**Student:** 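Dropping the structure in here first, questions after.
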Amino acid sequence: MSDLAIIGAGYVGLPLAAAFAEAGKRVHCVDADPERVAAIGRGESAIGDVSSARLAPLVADGRISAGGDIAAVAEADAILICVPTPLSENREPDVGIVASVAASIAPHLRAGQLVVLESTTYPGTTREVLQPVLERDGLVAGQDFHLAMSPERIDPGRTDFTVRTTPKVVGGLTPACLERAVALYSICVDRLVPVSSPDAAELVKLLENIFRSVNIALVNELAMLCDRLSLNVWEVVDAAATKPYGFMRFSPGPGLGGHCIPIDPFYLSWRARQFDFQTEFIELAGKVNTHMPYYCAERVSRALNSHRKPVAGSRVLLLGVSYKADVGDVRESPALRLIELLDELGADLAYHDPHVPSVSHGRVELTSSPLDDGAVAEADIVCIVTAHSGIDYVEIAERAKLVLDFRNVVPDGDGRVERL
Ligand SMILES: NC(=O)c1ccc[n+]([C@@H]2O[C@H](COP(=O)([O-])OP(=O)(O)OC[C@H]3O[C@@H](n4cnc5c(N)ncnc54)[C@H](O)[C@@H]3O)[C@@H](O)[C@H]2O)c1
């Protein structure tokens with residue numbers, strides 16, 4: 001018997017499970033990955049935001065359990081769906097996992113239960129995909145069971161905001177569904193933000209991610225322009241950010257990565273097309289951001305050329321390959337595209353990333369090199385792709401022959417440092 005069943009115990013599901021368990025609820029995690037289930041059973045976490053030290057006591061005293069059988073949802077008061085919503089091969093929304101999870105919940109659904117979708121998705125998914133499948137065995141949403149959408153806002157690796165201190169948006173199918181979902185989340189979230197429908201909640205999440213994608217694209221485009229104008233984009237962005245109102249700082253970089261920002265906007269552009277509407281900001285931002293690894297590869301080539309070296313045969317050491325600082329996640333990381341492009345140009349590639357022991361992308365397979373004197377001094381160029389904390393980039397730059405800094409973490413150094 002559990003108070004809550006969480007389907008999908010990944011970056012989103014496991015932190016939620018821990019937050020509810022710490023607030024006194026008994027949480028049962030259902031996951032399709034037997035290794036993940038076994039690890040949770042042993043109190044071991046593969047998710048950086050929930051340490052094993054935090055998880056183990058919750059498992060030991062029975063507040064968190066895990067299994068692979070979705071029939072366990074029958075025993076829970078509330079069911080939270082936190083499964084992946086990827087893009088298909090032709091970059092269209094793939095809500096197949098959400099639909100199949102709903103289909104496997106349906107035969108076990110009981111009157112009085114609450115079902116909440118947490119996965120990021122296009123407006124309409126809860127009503128058009130989830131609801132009909134859940135109602136298949138005769139129960140009616142809003143009448144026999146409650147249905148809501150509450151998009152997760154977690155930012156893996158972030159420590160200044162937690163599940164509790166991050167306001168949570170909730171939209172219910174009916175006012176009673178909303179009230180029920182708000183009551184549930186109030187246990188472990190300080191501030192709930194009710195909206196009028198599941199569709200509105202779905203769109204709020206997409207707006208948040210599209211806002212980032214568009215603003216990152218804007219500074220990325222500015223970075224490429226600044227290169228032409230011989231201006232330092234970082235100086236410009238930093239100075240603009242001193243404006244106390246009406247400006248929000250975004251940093252340029254080698255491209256978007258992770259599971260959300262490169263993917264989620266296309267959920268909305270796809271949905272918009274169904275309504276004969278083109279979301280041009282989304283497409284343009286996608287185009288600029290997707291181009292960034294290509295631009296960065298060109299910058300590597302130019303930097304080596306200015307030292308009379310071709311890319312072919314040059315030793316290129318990449319620092320950081322995860323998609324952002326201080327996480328080990330390489331999903332959609334622009335570093336992978338950069339590796340592929342430099343490999344095609346014949347570079348002799350190596351990388352160092354304390355969070356990523358090995359990478360395999362296309363025909364390239366690499367393991368993280370130790371950051372000893374040799375690795376830095378022997379490299380023809382050192383590229384700072386993802387600037388993890390705990391690495392002394394200034395000291396590395398002093399030892400390197402040539403540095404290309406995509407993150408603005410080292411000062412200028414007698415012509416040996418170039419930056420985005
Ligand atoms: N990672 C983030 O930063 C983040 C933030 C906010 C929202 N989201 C959204 O939340 C959702 C989940 O993302 P995530 O990052 O937690 O993914 P994840 O890959 O880390 O975790 C998903 C989990 O679901 C499991 N799973 C897959 N299919 C399943 C099935 N049929 N039945 C049971 N379990 C299944 C997987 O084994 C995995 O453990 C996505 O929609 C994502 O866009 C992610």
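As the structure is a computational prediction, the values presented were derived from the model and not from experiment. Both ligands and their constituent atoms are indexed starting at 1 by order of listing.
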**Student:** Looking only at protein heavy atoms, which one is nearest to atom 15 (O) of ligand 1, and what is the separation?
**Tutor:**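 Of the protein heavy atoms, H259 ND1, 3.2 Å lies nearest.
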**Student:** Charged N to carboxylate O under 4.0 angstrom, R158 versus D49?
**Tutor:**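 Here R158 does not pair with D49 in a salt bridge, since their nearest N and O are not under 4.0 Å apart.
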**Student:** Can you tell me how the ring of H291 sits relative to the ring of Y294, calling it parallel under 30°, perpendicular over 60° and tilted otherwise?
**Tutor:**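 Because their plane-to-plane angle is under 30°, the rings of H291 and Y294 count as parallel.
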**Student:** Could you check atom 16 (O) of ligand 1 against the protein and tell me its nearest heavy-atom contact, residue, atom and distance included?
**Tutor:**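 Heavy-atom neighbour on the protein nearest atom 16 (O) of ligand 1: V12 N, 2.9 Å.
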**Student:** Can you tell me which residue and heavy atom of the protein come closest to atom 21 (O) of ligand 1, and the distance to 0.1 Å?
**Tutor:**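 Checking every protein heavy atom, the shortest distance to atom 21 (O) of ligand 1 gives G10 CA, 3.2 Å.
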**Student:** Would one find more than 12 heavy atoms of other residues, nucleotides or ligands at under 6.0 Å from atom CD of E152?
**Tutor:**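 Yes, CD of E152 has more than 12 neighbouring heavy atoms, counting only those of other groups under 6.0 Å.
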**Student:** Which atoms of ligand 1 have any heavy atom of C260 under 4.0 Å away?
**Tutor:**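 Heavy-atom distances to C260 below 4.0 Å select 2 (C), 3 (O), 4 (C), 5 (C), 44 (C).
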**Student:** Within the 4.5 Å heavy-atom criterion, are V356 and Y351 side-chain neighbours or not?
**Tutor:**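 Of all side-chain heavy-atom pairs linking Y351 with V356, at least one is under 4.5 Å.
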**Student:** So for ligand 1, is E152 a polar contact partner (N or O within less than 3.5 Å, distance only)?
**Tutor:**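 Between E152 and ligand 1 (N or O atoms, distance only) the closest approach is not under 3.5 Å.
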**Student:** Students should be able to answer this: which protein heavy-atom is nearest to atom 27 (C) of ligand 1, and at what distance?
**Tutor:**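 Sorting protein heavy atoms by distance from atom 27 (C) of ligand 1 puts P84 CD, 3.6 Å first.
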**Student:** Tell me, which pairs form a salt bridge (Lys or Arg N to Asp or Glu O under 4.0 Å) where one or both residues lie in residues 180-196, sequence neighbours left out?
**Tutor:**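 Applying salt bridge (Lys or Arg N to Asp or Glu O under 4.0 Å) to every pair that reaches into residues 180-196, excluding sequence neighbours, yields R164-D190.
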**Student:** Looking only at protein heavy atoms, identify the closest one to atom 11 (C) of ligand 1 and say how far it is in Å.
**Tutor:**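 Looking at atom 11 (C) of ligand 1, the protein heavy atom closest to it is V83 O, 3.4 Å.
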**Student:** For ligand 1, is there an N or O atom under 3.5 Å from any N or O atom of D31?
**Tutor:**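 Yes, at least one N or O pair falls under 3.5 Å.
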**Student:** Just verifying a value: how many Å separate T386 OG1 and D353 CG, rounded to the nearest 0.5 Å?
**Tutor:**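 Between atom OG1 of T386 and atom CG of D353 there are 7.0 Å.
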**Student:** Is the closest N or O pair between T120 and ligand 1 shorter than 3.5 Å?
**Tutor:**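 Yes: some nitrogen or oxygen of T120 is under 3.5 Å from one in ligand 1.
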**Student:** Is there at least one pair of N or O atoms, one from R36 and one from ligand 1, spaced under 3.5 Å apart?
**Tutor:**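 So ligand 1 has an N or O lying under 3.5 Å from an N or O of R36.
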**Student:** Judging by distance only, is a nitrogen or oxygen of I7 under 3.5 angstrom from one on ligand 1?
**Tutor:**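 N/O-N/O distance under 3.5 Å: no.
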**Student:** Taking only heavy atoms of D33 into account, list the atoms of ligand 1 that are under 4.0 Å away from them.
**Tutor:**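 Atoms satisfying the 4.0 Å criterion: 37 (O).
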**Student:** Does any N or O in the side chain of S314 come within less than 3.5 Å of the main-chain N or O of V316, such that one atom is a donor and the other an acceptor?
**Tutor:**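 Not at all, since once roles are kept as given, no pair shorter than 3.5 Å links the two residues.
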**Student:** Answer yes or no: is there a donor N or O on one side and an acceptor on the other, between the side chain of S51 and the main chain of R54, under 3.5 Å?
**Tutor:**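 Checking the backbone N and O of R54 against the side chain of S51, a donor-acceptor pair under 3.5 Å is found.
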**Student:** If only side-chain N and O atoms count, and only distance matters, is there a donor-acceptor pair under 3.5 Å linking S369 with H352?
**Tutor:**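 No.
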**Student:** Verify side chain to side chain donor-acceptor pair (under 3.5 Å) between Y267 and R271, making sure each step is shown before the conclusion.
**Tutor:** CA-CA 6 Å; Y267 267 67; R271 183 63 164 167; over 6 Å; no
**Student:** List ligand 1 atoms under 4.0 Å from T85, heavy atoms only on the residue side.
**Tutor:**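 The atoms of ligand 1 under 4.0 Å from a heavy atom of T85 are 40 (C), 41 (O), 43 (O).
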**Student:** Considering non-hydrogen atoms of the protein only, which is the closest contact for atom 34 (N) of ligand 1, and what is the distance?
**Tutor:**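 Protein heavy atom at minimum distance: A32 N, 3.1 Å.
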**Student:** Do the ring planes of Y185 and F20 sit parallel (below 30°), tilted (30 to 60°) or perpendicular (above 60°)?
**Tutor:**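 Geometry flag for F20 against Y185: tilted rings.
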**Student:** Specify side chain, backbone, both or neither for I263, according to which of its non-hydrogen atoms lie closer than 4.0 Å to ligand 1.
**Tutor:**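 No part of I263 is near ligand 1 at this cut-off.
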**Student:** With heavy atoms of V101 as the reference, note each atom of ligand 1 found under 4.0 Å away.
**Tutor:**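 The list of qualifying atoms is 30 (C), 31 (N), 32 (N).
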**Student:** Would S251 and R249 count as a side chain to side chain donor-acceptor pair (under 3.5 Å) if you check the C-alpha gap in whole Å, the side-chain angles of each, and the deciding distance to 0.1 Å?
**Tutor:** CA-CA 7 Å; S251 298; R249 189 184 199 290; 2.6 Å; yes
**Student:** Considering only non-hydrogen protein atoms, determine which one is nearest to atom 1 (N) of ligand 1 and report residue, atom name and distance to 0.1 Å.
**Tutor:**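 Checked against all protein heavy atoms, atom 1 (N) of ligand 1 sits closest to Y11 CB, 3.5 Å.
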**Student:** Below the 3.5 angstrom mark, is there an N/O of P156, backbone or side chain, next to an N/O of ligand 1?
**Tutor:**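 Checking ligand 1 against P156, no N or O pair falls under 3.5 Å apart.
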**Student:** Using a 4.0 Å cut-off to any heavy atom of R331, which atoms of ligand 1 qualify?
**Tutor:**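 Every atom of ligand 1 under 4.0 Å from some heavy atom of R331: 15 (O), 19 (O).
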**Student:** What is the closest protein heavy atom to atom 28 (N) of ligand 1, and at what distance does it sit?
**Tutor:**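 Sorting protein heavy atoms by distance from atom 28 (N) of ligand 1 puts I97 CG2, 3.5 Å first.
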